[in-house]
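Notes for the one structure printed next.
Letters A, B, ... mirror the listed sequences (proteins, then strands); counts begin at 1. Just so it is clear, the values below take in all heavy atoms, side chains as well, and ignore hydrogens, waters and symmetry mates.
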Amino acid sequence: MQATSTAGPITTKKEFYAQFKKKSIAHELWLRFLKNKTAVIGLVIFCIIMAVAIAAPWLTSYDNVVVKMDIAARLQPPGMEHWFGTDELGRDILARIVYGARVSLLIGFSAIFVSLMVGLVLGGAAGYYGGKLDSVIMRAMDVFLSLPDVLLALAIIAAFGNTKLNLTIAIGLAFAPKFSRVVRSAVMGVRDNEYIEAARSIGALDSRIIARHVLPNCIGPIIVQVTLYVANAILTIAALSFIGLGIQPPTPEWGNMLASGRTYMRDFPHIVMAPGLAIFFTILALNLLGDGLRDTLDPRLKH
Amino acid sequence: MGEILLEVKNLKKYFHVAAGTLHAVDDVSFTIEEGRTLGVVGESGCGKTTLGRTILRLIEPTSGEMHFNGKDLRKLSTSEMRYMRREMQIIFQDPYSSLNPRKTIAETIEEPILLAGLIPDSDKRFMRVLKLMDTVGLAQRLINTYPHELDGGRRQRIGIARALAMNPKFIVCDEPVSSLDVSIQAQILNLMKTIQRDMGITYLFITHDLSVVNHFSDDIAVMYLGRLVEKAPAEVLFQMPLHPYTQALLSAIPVARIHNRPERIMLKGELTSPINPEPVCRFAARCNQCMDICTRSEPPLIEARPNHFVACHLHKPMVS
Amino acid sequence: MDAQQNTLEIKNLTVEYLVDDEVVHAVTGVDITIPAGKTFGLVGETGAGKTTTALSILNLLPLPAGRIVSGEIFVNGQDVFKLSPRQLQAMRGSQVAMVFQDPMSSLNPIKTVGEQIAEGMKIHREVSDREALSQATKMLELVGIPGDRVAEYPHQFSGGMKQRVIIAIALACNPDLLIADEPTTALDVTIQAQVLKLIRELKENSRMAMLMITHALGIVAEVCDFVGIMYAGRIVECGTLADIFDNLRHPYTRGLFDSLPDIENRRAELKPIPGLIPDPMNLPPGCSFHPRCSYAKPECSRDLPQVRWLSDTHYVSCHLYNETAENML
C-alpha cells in the first residue's frame with residue numbers, strides 16, 4: 001500500500017475513488033419511490049406490520065396471553081382491557097393477531113425465498129440459453145402451473161405431513177414455476193442487449209455473464225414480483241389454515257382464527273373482523289408496495 | 001506492413017427459419033493486410049453485420065475458413081478462442097445497448113483486463129484504465145459515472161476503450177458512428193484513425209454510409225444479399241465502380257451541394273429474398289444492365305483488374 | 001408575400017418541457033414562414049428542437065411536460081392556438097399531415113394499408129366506403145406501389161414501401177402542409193433515393209407546402225427551397241437554398257458542412273466541431289454556440305446575438321455580423 005500524500009499526484013485507485021465518488025443508483029431510486037404517495041403508504045403499513053411481528057415477544061407473552069384459555073373472559077367485545085376483544089376461548093385477540101403476523105410473514109417470506117432461488121436457476125437457464133433447454137424447463141413449469149396453488153400445497157402436506165417446514169416448501173414449490181416465468185422473461189429482455197455480446201467478446205464465461213451482466217439488470221421486475229407473490233403466499237397460508245390444513249390451533253394464524261371464529265360470527269363479529277382486517281391490510285400494503293416498486297423501476301421512465 | 005493478418009475463405013452463415021434457409025453470408029472470401037482498413041458496405045440484409053460477428057466466432061459459421069495470423073480459427077476450442085479474442089475485438093453500433101447500465105465507465109473498461117488476468121495488481125490495472133480513457137478522450141473525472149449520464153459520443157468512446165483494453169491487433173467496427181450526430185461522427189472517426197496509426201491496428205469497418213467508408217478505408221468490399229459483389233481499393237471503387245449495384249449505390253449518396261449534382265441511377269423494385277435463393281445473380285431482377293446469362297447462373301468473384309474484384313457477368317477475369 | 005399565400009407561419013415560438021422540476025428550453029424564439037408549394041428544410045442535430053417545433057404546429061406536444069410558452073402559429077391564416085379541440089382535430093390530417101421517422105411503428109399492424117389510407121379520408125370527408133377504397137388504391141399508385149396491394153397488411157411490405165404507405169396516408173386528404181420528420185433516415189440509401197424522388201415529384205405536381213426536418217444536408221440540397229439551421233432551440237441561420245449552400249455565414253453552419261466527409265478529397269482529416277451539444281437544461285449564457293465556436297468574441301458569452309438580415313431572404317443570428325453583412329468566416 002502506498003503512503004498517501006496530499007501533495008503528490010494520485011496514484012492509487014482508492015484515492016481516485018475517494019475524489020470522484022460513485023453516484024448511488026439506489027439513492028436516486030429511493031428518492032423517486034418517495035414521490036409515489038400510495039407506494040409510501042404501502043411501505044409504512046408494511047413496516048408497521050413487520051415491526052409489530054418482530055417485537056411480538058416484547059409486546060406480549062405467548063404462554064400467558066396468546067394460548068392461555070380463560071373461559072370466564074370469553075367473547076368479550078373490544079374494550080379497555082382487551083383492545084380487540086377476546087375470542088371463544090377467552091384469549092386476547094390482539095395478542096393473537098400480533099403472533100399470527102409472525103407466522104404469516106415468516107412462512108410467507110421463506111416460501112417465496114425458496115421459489116425465488118428455484119426460479120432464478122430454472123428461469124435464468126431457460127431465458128439465457130433458450131432453445132431446447134428452454135422448451136424442456138418451461139413445459140415442466142407449465143405442468144406445475146396448471147395446478148392451483150392450494151391444491152399443490154395440499155397434496156404435499158397430505159403426503160409428507162403437516163409441519164411448518166413442509167408448509168414452507170409446499171408453498172415455495174407452488175410459486176417456483178411462476179417465478180421461473182418472471183425470471184425467464186426478464187432475462188430474455190436483457191439477453192439481446194449488445195453489452196451481453198460485448199461481455200462474450202472480451203472473454204467472459206457464461207456464468208460470469210449471467211451473474212454480473214444479466215441478473216443485476218433483471219432485478220427490477222423480480223423485486224416487484226417478490227412483493228406481490230409474498231402477498232399471494234400469505235393468502236394461501238391463510239386459506240390452508242382456514243380449511244384446517246395449515247397452521248393448527250392453538251398456534252394463532254389469521255386463517256385459522258377466521259375458521260374458529262366462524263360459528264360466532266353473527267353475534268360476535270369482532271372475532272372475525274380482526275384477523276380479516278389483518279389479512280386485508282397486509283395484502284393491501286404489499287400490493288401498494290409492489291405497484292410502487294414497479295412504477296419506480298420502470299425502465300421507460302429512466303432517463 | 002504487407003503481411004496478411006486475416007484471411008477469410010468461402011465463409012458461409014446460413015440460418016434455418018420457418019420459410020427455409022436464410023443465406024445471411026454466402027461464400028465470402030477476402031484478405032486484409034496488417035495495419036490496413038477494409039470497409040464493408042451494403043444495405044439492409046446484405047449480411048455485413050453477420051459477417052463481422054462470424055469472423056470473431058461470436059456467431060458460429062456454417063462453413064468456410066478464417067485464418068488469423070496464420071491460425072485457423074475454426075479449429076480452436078472454445079477456451080482457445082476465448083484466448084484469441086484478446087487480439088480480435090469488436091466495437092458495437094449502439095452506444096446505448098452496448099454498455100451495461102449498472103457498471104461505471106471504469107468497471108466496463110477494466111473488465112477485459114481483469115478477465116484476461118493481464119495485470120493482477122489493482123492499482124496498476126486502474127492506471128491502465130485511466131490511460132485508456134485518456135487515449136479515447138474521456139476525462140478522468142468520469143471514472144465513476146454510469147452510461148446513462150453520458151451522451152452517445154462519450155458512450156461510444158467507452159466502447160472503443162473497452163475494445164482497446166487488451167491491446168488487440170484487429171478490431172471489427174460494426175457501424176461505430178451510425179448512431180451519432182454528424183459533428184460527433186467526425187470526432188470519433190478521427191480518434192479511430194489516430195489509434196490505428198499509433199497502435200498499428202487492423203480494422204474491418206462495417207457501415208452503410210458510403211461517404212464515411214470512403215474516408216476511412218483503404219479497401220472497400222460491397223455486399224449484396226450475402227454475397228461479396230465487388231472489392232477494390234477505395235479510390236478505385238469510387239472512381240470506377242464495375243458492378244451495377246455499386247454504381248447505383250454510389251449515385252444514391254445524397255450530396256451536400258446544389259451545383260453539379262450527379263445523375264442518379266435508380267434501382268427498380270425491391271430486394272429479393274435471402275431465403276432459399278436461386279443459383280442466379282441475386283441482383284438480376286433490379287439490374288439495368290441485366291443480360292440473359294444473369295438469370296441463369298451465379299457470377300463468380302473474379303479479378304477484373306489488378307486488385308479489383310467483381311462478381312458480375314459483365315466482366316471477365318483479367319488476362320495475366 | 002401577403003399572408004394569404006403563406007401556408008405556414010410560425011412567429012416567435014418558444015416551447016419548454018418540465019422534467020423533474022427542471023425546465024428544458026426546447027425551442028426559443030423560432031420564426032418559420034413557408035409559402036404555398038415550397039419546402040422548408042429545418043436542419044439540426046439531436047436535441048436542436050426540430051421535432052418539438054413540428055409537434056407544436058398541430059399542438060401535439062406530449063402532456064403534461066410540454067408547454068408552449070409564447071408565440072403564434074398560423075396555418076392557412078388560422079391561428080392554431082385559438083382553435084377549439086374540434087377544429088384542431090379537423091385540421092389534423094386534412095390541412096396538415098405529418099410523416100414520422102420510423103415506418104415500423106407508424107403503421108397499425110392489424111389493419112390493411114387500404115383501410116389506413118381510407119381512414120383519414122373518412123374522418124375528414126364525406127365518402128362512402130367504396131369511394132374511399134378506390135381513392136386509397138389511387139394513392140398507392142401515386143406513391144409507386146401496385147394498386148392491387150391495397151388489401152395487404154403492413155408486415156407484408158419492406159421498410160421503404162412502408163414509408164411510401166405512410167406518405168400515401170398523409171397525402172390522402174390532400175393536405176396543404178406536409179410535415180416530414182426525418183422521413184428517410186431509417187431507410188437504406190438506395191431506397192432513400194427512391195423516396196426522395198417521389199417527394200420531389202409530388203412537390204412538382206401540387207401546391208403542397210412541406211416542412212422537412214432532417215440532419216442531413218445532402219437531403220436538404222435535394223428537395224428543399226428554404227433552409228433553417230437550428231442549434232439549441234434557436235434558428236441561427238435561415239435563407240434560400242443558395243443562401244445557405246453558396247453563401248453561408250454562421251460558424252455552426254460552416255462547422256456542419258466541414259464535418260461532412262468530402263468525397264473528392266478522401267485523405268483529408270475530418271474537421272469536426274469541437275465539444276458537445278449543450279444540455280438544454282443548462283444552456284451556456286449568451287450565444288449557445290460560443291463554447292464551440294472558433295470565432296467567439298467576448299460579447300458572445302454575455303449577450304444573445306440579434307437577428308441580422310443580410311438580404312431579403314437570408315438572416316443570421318451571430319455577433320460577427322453586428323456591424324457588417326460581409327462574410328466573416
**Request:** Considering only heavy atoms and a distance below 4.5 Å, find which of B/I143, B/L114, B/L142 pairs most often with chain A.
**Result:**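 Most heavy-atom pairs within the cutoff with chain A belong to B/I143.
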**Request:** Taking only Lys NZ, Arg NE, NH1 and NH2, and the carboxylate oxygens of Asp or Glu, determine whether B/E111 and A/R212 approach each other closer than 4.0 Å.
**Result:**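 So B/E111 does not pair with A/R212 through a salt bridge.
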Side chain / backbone / both / neither for [X] at chain A, heavy atoms under 4.5 Å:
X      : result
B/K124 : neither
B/R53  : side chain
B/Y146 : side chain
B/I91  : neither
B/A116 : neither

**Heavy atoms of other groups near A/F144 CZ, more than 12 under 6.0 Å** = no
**Request:** Return yes when atom CZ of A/R139 has more than 12 non-hydrogen atoms of other residues, nucleotides or ligands closer than 6.0 Å, and no otherwise.
**Result:**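 Buried by this count: over 12 neighbours within 6.0 Å.
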**Prompt:** Do you know the tightest heavy-atom contact between A/A198 and B/S98?
**Reply:**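 So the minimum-distance heavy-atom pair works out to CB-O, 4.2 Å.
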**Message:** Could you measure the distance from the CZ atom of B/R162 to the OH atom of A/Y195? Nearest 0.5 Å is fine.
**Reply:** 11.5 Å
**Item:** Side-chain heavy-atom pair B/L115, A/R208 within 4.5 angstrom cut-off
**Value:** yes
